Structure formats: C-alpha cells, structure tokens
Amino acid sequence: MTRILVLGLLDVQPMSGYDIQQMLRLSDAERWGGVLIGSIYHALKKMDQEGLVTIDSIEQTGNRQKAIYRITATGKTHLAELVRDSLTIASVQYPSSLYSGLSFIEKVSREDALAALNKQLVALEKEYQALENGLRLKDIAMQHTIPPMTTLIFDNMFALVNQQRILIKNAITLLQAND
C-alpha cells in the first residue's frame with residue numbers, strides 16, 4: 001500500500017519525504033491504508049534503488065537539506081500496475097476475531113460478553129467520529145473540492161463501520177433476549 005500511495009503522490013508532483021509524510025497524515029492514510037508514516041523514507045530509498053523514483057533536486061532549508069523526489073517513467077509504469085492490481089483483487093476483510101468471539105460467546109458470562117460488546121460499540125463510535133473528523137479536515141484542506149471518488153471511499157468506510165455497529169447492537173439484543 002505504501003508504494004501505491006507514494007508513487008501516486010509523486011505522480012502529482014515532485015516532493016520531499018517530509019511532504020509525502022504530511023500528505024499521508026492529512027489524508028489519515030495510517031487508518032485506512034495501513035501505511036506506517038515513519039516508513040516513507042525507507043520506501044523512497046528502496047524505490048530509488050529500483051529506479052521507480054529519483055532525486056529531482058536538493059533544497060536547502062536552514063541548516064538542513066532535503067531531497068525532492070520525482071517519479072520516473074519506470075515508476076509510472078509500476079504505479080499503473082499497482083493501481084490495476086488493487087482494482088482487480090477483492091479486498092473484503094471480515095472481522096474474523098469478532099466472528100470467532102461471537103461463535104463461542106457462551107464461553108464467557110453474559111455480563112462479560114455484554115460489557116465487551118458495549119466496549120467495542122464505544123470503539124466503533126470513536127472510529128466513526130475519527131472518520132468524520134478526517135473527512136472534515138480533508139474538506140477544509142481541499143477547499144471544499146473533494147473529488148467524487150474520495151467521497152465514495154469515505155461513504156464506504158462509514159458504511160463498513162455502521163454495518164459493524166449494527167452487528168454488535170444485534171448481538172447485544174440477542175444476548176439480552178436470552179434471559
């Protein structure tokens with residue numbers, strides 16, 4: 001995931017590792033993309049060795065120098081392959097840990113199960129709020145011109161969190177009905 005995001009950003013414009021990190025932080029890529037922001041410099045170095053990116057220039061900022069990277073023609077080809085692969089591969093992820101816990105829920109007391117499910121419901125609410133906050137910040141950063149595809153992605157993330165909340169609420173209702 002890191003490669004596609006870094007190459008995608010560099011395909012828009014050359015930028016430094018720091019700028020890439022800031023863009024990924026702004027878009028909350030750690031949350032939805034599983035990108036470790038701290039790994040960007042390592043990824044850039046590796047992609048530089050592979051000829052996917054190259055140093056376009058060195059900028060002086062105070063006492064520090066920063067490398068500005070740009071995507072190469074090979075990098076653009078690789079980016080297109082990565083995009084095509086990501087669109088082709090089904091990426092549905094089931095909450096397998098939750099499903100396993102629900103499958104054997106009778107192994108814990110009803111009270112413990114309800115407490116755990118309510119705790120997860122709170123965590124899902126926080127996740128939903130974090131998504132709302134991320135969308136709000138992105139909207140501000142993009143001056144209210146969020147691309148329709150980005151809106152579609154956010155809509156899907158909201159739907160996934162809501163679907164899990166419904167599952168948890170239904171499990172709670174089922175447990176409470178079994179008195």
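This structure is a prediction, so every number in the text was calculated from the model and none was measured.
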- Query: CD of Glu106: more than 12 outside heavy atoms within 6.0 angstrom?
  - Reply: yes
- d(Leu7 CG, Glu81 CD) to nearest 0.5 Å is 11.0 Å
- Message: If you count every heavy atom of other residues, nucleotides or ligands that lies below 6.0 Å from Gln129 atom CD, does the total exceed 12?
- Response: yes
- Provide the closest heavy-atom pair for Thr74 versus Gly51 in the form atom of the first, atom of the second, distance. CB-O, 3.7 Å
- Query: Are any of the side-chain heavy atoms of Lys138 and Phe154 separated by less than 4.5 Å?
  - Reply: yes
- Message: Within this structure, what is the CD-CG distance for the pair Gln120 and Leu167, rounded to the nearest 0.5 Å?
- Response: 8.0 Å
- Task: Go through the steps to decide whether Ile166 and Asn170 satisfy the test side-chain contact (heavy atoms from CB on, under 4.5 Å), and finish with yes or no.
- Result: CA-CA 6 Å; Ile166 290 169; Asn170 287 341; 3.5 Å; yes
- Shared hydrophobic cluster for Val122 and Ile168 (ILVMFWY, side-chain gaps under 4.5 Å): no
- Message: Side-chain heavy atoms nearer than 4.5 Å, only ILVMFWY residues, links allowed to pass through others: does that put Met1 and Val83 together?
- Response: yes
- Message: So Thr54 and Ile71, do their side chains get closer than 4.5 Å, heavy atoms only?
- Response: no
- Honestly curious: do Val12 and Met149 fall in one hydrophobic cluster under the side-chain, below-4.5 Å linking rule? no
- Message: If you define the side chain from C-beta out and look only at heavy atoms, does anything of Ile40 sit under 4.5 Å from Leu44?
- Response: yes
- Just wondering, do Ile68 and Ile55 contact through their side chains at under 4.5 Å, heavy atoms? no
- Task: Check whether any side-chain N or O of Thr150 sits under 3.5 Å from a backbone N or O of Ile146 as a donor-acceptor pair, and report yes or no.
- Result: no
- Query: How would you list all residue pairs meeting salt bridge (Lys or Arg N to Asp or Glu O under 4.0 Å) that involve residues 116-134, not counting sequence neighbours?
  - Reply: Arg31-Glu127, Glu125-Arg165
- Please walk me through it: do Gln22 and Arg25 pass side-chain contact (heavy atoms from CB on, under 4.5 Å)? CA-CA 5 Å; Gln22 294 307 307; Arg25 268 197 190 95; 3.2 Å; yes
- side chain to side chain donor-acceptor pair (under 3.5 Å) between Ser16 and Asp19: does it pass, once the steps are laid out? CA-CA 5 Å; Ser16 69; Asp19 294 334; 3.1 Å; yes
- Query: Is it true that a side-chain atom of Gln65 and a backbone atom of Glu59 form a donor plus acceptor pair closer than 3.5 Å?
  - Reply: no
- Work out which heavy atom in Gln176 is nearest to a heavy atom in Arg110; give both atom names and the distance. CA-NH2, 3.7 Å
- Side-chain heavy-atom pair Ile20, Leu5 within 4.5 angstrom cut-off: no
- Task: Taking atom OH of Tyr18 as the centre, report whether more than 12 heavy atoms of other residues, nucleotides or ligands fall under 6.0 Å from it.
- Result: no
- Between the CD atom in Gln164 and the CG atom in Asn162, the distance rounded to the nearest 0.5 Å is 11.0 Å
- Criterion side-chain contact (heavy atoms from CB on, under 4.5 Å) on Leu10 and Leu79, from CA distance to verdict: CA-CA 10 Å; Leu10 290 176; Leu79 174 60; over 6 Å; no
- Query: Distance from Arg64 atom CZ to Ile58 atom CD1, nearest 0.5 Å?
  - Reply: 12.5 Å
- Item | Path from Trp32 to Leu26 over hydrophobic side-chain contacts below 4.5 Å | no
- What is the distance from atom NZ of Lys66 to atom CE of Met15, rounded to the nearest 0.5 Å? 10.5 Å
- Does some side-chain heavy atom of Asp28 sit less than 4.5 Å from a side-chain heavy atom of Asn133? no
- Query: Roughly how far, to the nearest 0.5 Å, is CG of Leu114 from CD of Glu111?
  - Reply: 7.0 Å
- Check for a donor-acceptor pair, side chain of Ser39 on one end and backbone N or O of Val35 on the other, with a separation under 3.5 Å. no
- Message: One pair to check against side-chain contact (heavy atoms from CB on, under 4.5 Å): Arg3 and Met47. What are the steps and the verdict?
- Response: CA-CA 8 Å; Arg3 283 177 171 250; Met47 288 190 286; 3.9 Å; yes
- Give a yes or no answer on whether the side chain of Thr72 reaches the backbone of Gly75 with a donor-acceptor pair at less than 3.5 Å. yes
- Taking side chain as C-beta onward, heavy atoms only, is Leu117 less than 4.5 Å from Leu102? yes
- Message: A quick test of your reading: do over 12 heavy atoms of other residues, nucleotides or ligands sit less than 6.0 Å from CD of Gln143?
- Response: no
- Beyond-backbone contact of Glu30 with Leu24, side-chain heavy atoms, under 4.5 angstrom: no
- Return the set of residues passing ring-ring contact (aromatic ring centres under 6.0 Å, His included) with Phe158 (not counting sequence neighbours), or none when no residue passes. Tyr128
- Item | Heavy atoms of other groups near Met157 CE, more than 12 under 6.0 Å | yes
- Query: Between Val53 and Met23, is there a shared hydrophobic cluster once you connect ILVMFWY residues whose side-chain heavy atoms come closer than 4.5 Å?
  - Reply: yes
